[in-house]
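Worksheet: one structure, shown below.
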Number of protein chains: 2
Amino acid sequence: MDVRTLCLAVLSKGEATGYEIKKAFEEGPFAHFQRASFGSIYPALSRLLAEGLVEAHAMEQDGRPDKKMYRLTAQGQATFHAALTVDPEPDQFRSDLLFLLFFACHLPPARAATLLDAATASYRGHVARVSGIKAEREAVSNATGQPLDPGREFVAGFGITLYQAAADYLDANRDALLADLQGHAEAAE
Amino acid sequence: MDVRTLCLAVLSKGEATGYEIKKAFEEGPFAHFQRASFGSIYPALSRLLAEGLVEAHAMEQDGRPDKKMYRLTAQGQATFHAALTVDPEPDQFRSDLLFLLFFACHLPPARAATLLDAATASYRGHVARVSGIKAEREAVSNATGQPLDPGREFVAGFGITLYQAAADYLDANRDALLADLQGHAEAAE
DNA sequence: TCGATACGTATCGATGCGATATATGATGGA
DNA sequence: TCCATCATATATCGCATCGATACGTATCGA
């Protein structure tokens with residue numbers, strides 16, 4: 001998904017500034033499967049504005065410089081819906097950790113252990129974060145009676161499941177890998 | 001990981017052409033967690049050659065144009081090992097599928113079903129491919145008695161586990177999501 | 001008081017992807 | 001038989017995007 005479409009997507013959920021759009025990819029509902037940097041968001045918003053897909057109004061703040069609130073136009077709404085009909089690119093996973101562990105034999109076992117533990121903690125953190133937000137939405141829904149968004153919950157559940165599976169695998173296979181590395185090192189002596 | 005390091009990594013497993021390096025990211029042992037395109041591999045190899053980290057010799061072929069075999073130099077070997085000491089970037093997952101499904105309410109339910117089924121099949125295919133290659137290595141190891149590489153097997157196992165978890169989640173939650181969408185559509189009438 | 005963090009917009013250089021060009025042989029379906 | 005497609009193989013171009021950086025204020029904790 002190109003960043004222009006991602007911006008339209010965030011704005012379809014309500015008006016936002018460039019800064020807030022960035023946060024939507026860091027902590028928001030898209031965090032675990034899409035991302036975008038300032039270096040692509042701001043140019044994207046400028047172009048969307050020039051094309052009439054969004055409109056902006058400056059909001060003055062005391063002390064701080066003005067912020068620009070962006071909002072979808074009807075044309076932007078239509079463009080966004082059209083983008084949803086395009087076939088998706090295949091999912092992709094990228095991991096420098098696995099790259100390093102692939103060459104675990106060239107790594108000091110202590111470093112392998114550190115890398116594994118850090119990654120496990122990181123995955124568990126993601127699980128906790130996404131689970132927390134999901135639980136909060138469910139609590140609000142129960143209290144107010146307003147229904148949950150099925151797509152949103154499905155996607156959050158996918159993230160939780162995947163992160164959990166990753167953490168569990170690292171945990172379950174950590175000791176065996178480290179033992180193998182030990183054996184490998186001794187065999188090389 | 002930058003593409004130059006990825007090229008060094010592939011070459012550390014034996015000499016290869018640019019084309020073969022590309023294949024290593026499409027079908028080879030790195031396929032499910034790193035990738036690189038021709039547009040980055042060939043410039044990377046040129047630069048590695050200029051820096052003396054790899055050496056190349058042309059191999060003439062009947063009919064086809066010459067191919068250039070690249071091989072690590074001692075300096076390239078050292079540079080590669082140094083790269084393994086750098087701390088890894090956080091793992092990242094990117095999914096256009098989840099992006100579309102996040103907005104499932106704006107999708108015709110039939111399309112949501114098609115997307116889900118295609119993604120499930122794709123994940124199952126990945127599981128089968130990586131499992132098959134892993135099983136083959138294990139068979140060879142059993143027959144010849146030569147030990148398996150612990151890093152390689154760990155990484156393959158991670159890929160299988162994650163892809164399996166993804167396929168299972170999609171499978172398990174498919175019908176509930178589609179039912180919710182149906183309910184949602186009727187409630188909107 | 002001083003550094004870190006949050007808010008907020010913006011740009012620049014480098015990296016890397018995807019499409020395309022150029023060749024040729026093999027394979028396979030209409 | 002013929003034509004399309006795929007596999008082998010190298011290479012480049014344009015565009016999208018990332019990460020770092022710049023600029024500026026406010027707040028909060030050590």
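As the structure is a prediction and not an experimental result, all values here were calculated from the model. Hydrogens, waters and symmetry mates play no part in the numbers below; they use all other heavy atoms, side chains included. In the text below, chain A, chain B and the rest are named by the order of the sequence lines, each starting its count at 1.
Atom C1' of nucleotide C/dC17 and atom CG of B/L6 are separated by 14 Å, given to the nearest angstrom. Remark: C1' of C/dG8 and CG of A/L45 are 13 Å apart, rounded to the nearest angstrom. B/D2 has its CG atom 13 Å from the P atom of D/dG19, to the nearest Å. Distance CD (B/Q34) to C1' (C/dG16): 13 Å, rounded to an integer number of Å. In this structure, CG of B/L48 is placed 14 Å from P of D/dA11, rounded to the nearest angstrom. Rounded to whole Å, the distance from NE2 on B/H57 to P on D/dT10 is 12 Å. Look at CG on A/D66: it is 18 Å from P on C/dC7, rounded to the nearest Å.
Nearer the 5' end of DNA chain D, as judged by each residue's closest nucleotide, is the contact made by B/M69, out of B/M69 and A/M1. In this structure, B/V3 and A/S46 both approach DNA chain C, and ranking their closest nucleotides by distance from the 5' end singles out A/S46.
With A/L48 as the partner, the side chain to side chain contact (heavy atoms under 4.5 Å, CB included) test is satisfied by one option alone out of A/V3, A/T73, A/T79, A/L53: A/L53.
Of the side-chain N and O atoms in B/R94, one or more sit less than 4.0 angstrom from OP1 or OP2 of D/dC18.
Judged as a side-chain hydrogen bond (donor to acceptor under 3.5 Å, both in side chains), and not counting sequence neighbours, B/Y169 has no contacts. Under the side-chain hydrogen bond (donor to acceptor under 3.5 Å, both in side chains) criterion, A/E15 pairs with A/R71, not counting sequence neighbours. Partners of B/D117 by side-chain hydrogen bond (donor to acceptor under 3.5 Å, both in side chains), not counting sequence neighbours, listed by chain and number: B/R174. For the ring pair (Phe, Tyr, Trp, His ring centres under 6.0 Å) test, residues two or more places apart in sequence or in another chain that qualify with B/H126 are B/Y163. Considering only residues two or more places apart in sequence or on other chains, B/E153 meets the side-chain hydrogen bond (donor to acceptor under 3.5 Å, both in side chains) condition with B/K134, B/R137.
For A/K68, the side-chain atoms get nearest to C/dA10 when compared with the rest of D/dT17, D/dA11, C/dA10.
At a non-hydrogen distance threshold of 4.0 Å, A/F38, A/G39, A/Y42 from residues 36-43 of chain A come into contact with DNA chain C. Scanning residues 17-27 of chain B for heavy-atom distances under 4.0 Å to DNA chain D yields B/T17, B/G18, B/Y19, B/K23. A heavy atom closer than 4.0 Å to some atom of DNA chain D occurs in no member of residues 78-92 of chain A.
Hydrophobic side-chain contacts under 4.5 Å tie A/M59 into a cluster, directly or through other members, with A/M69. Under a 4.5 Å side-chain heavy-atom criterion applied to ILVMFWY residues, the cluster that includes A/I133 comprises that residue alone. Its side chain within the 4.5 Å cluster rule, B/F38 clusters with B/Y19, B/Y42 among the Ile, Leu, Val, Met, Phe, Trp and Tyr residues.
One end of the helix from C/dT1-D/dA30 to C/dA30-D/dT1 points its axis 40° away from the other end's axis, with each axis taken from 5 pairs and the angle rounded to 10°.
No donor-acceptor pair under 3.5 Å is formed between the side chain of B/Q34 and the backbone N or O of A/F99.
Two different hydrophobic clusters hold B/L148 and B/V130 under the rule that ILVMFWY side chains link at heavy-atom gaps under 4.5 Å.
Under the 30°/60° scheme for interplanar angles, the aromatic rings of A/Y123 and B/F158 are found to be tilted.
Taking the six-membered ring for Trp, B/F25 and B/F30 have ring centres closer than 6.0 Å.
Environment of CD in B/E26: crowded, with over 12 heavy atoms of neighbouring residues, nucleotides or ligands closer than 6.0 Å.
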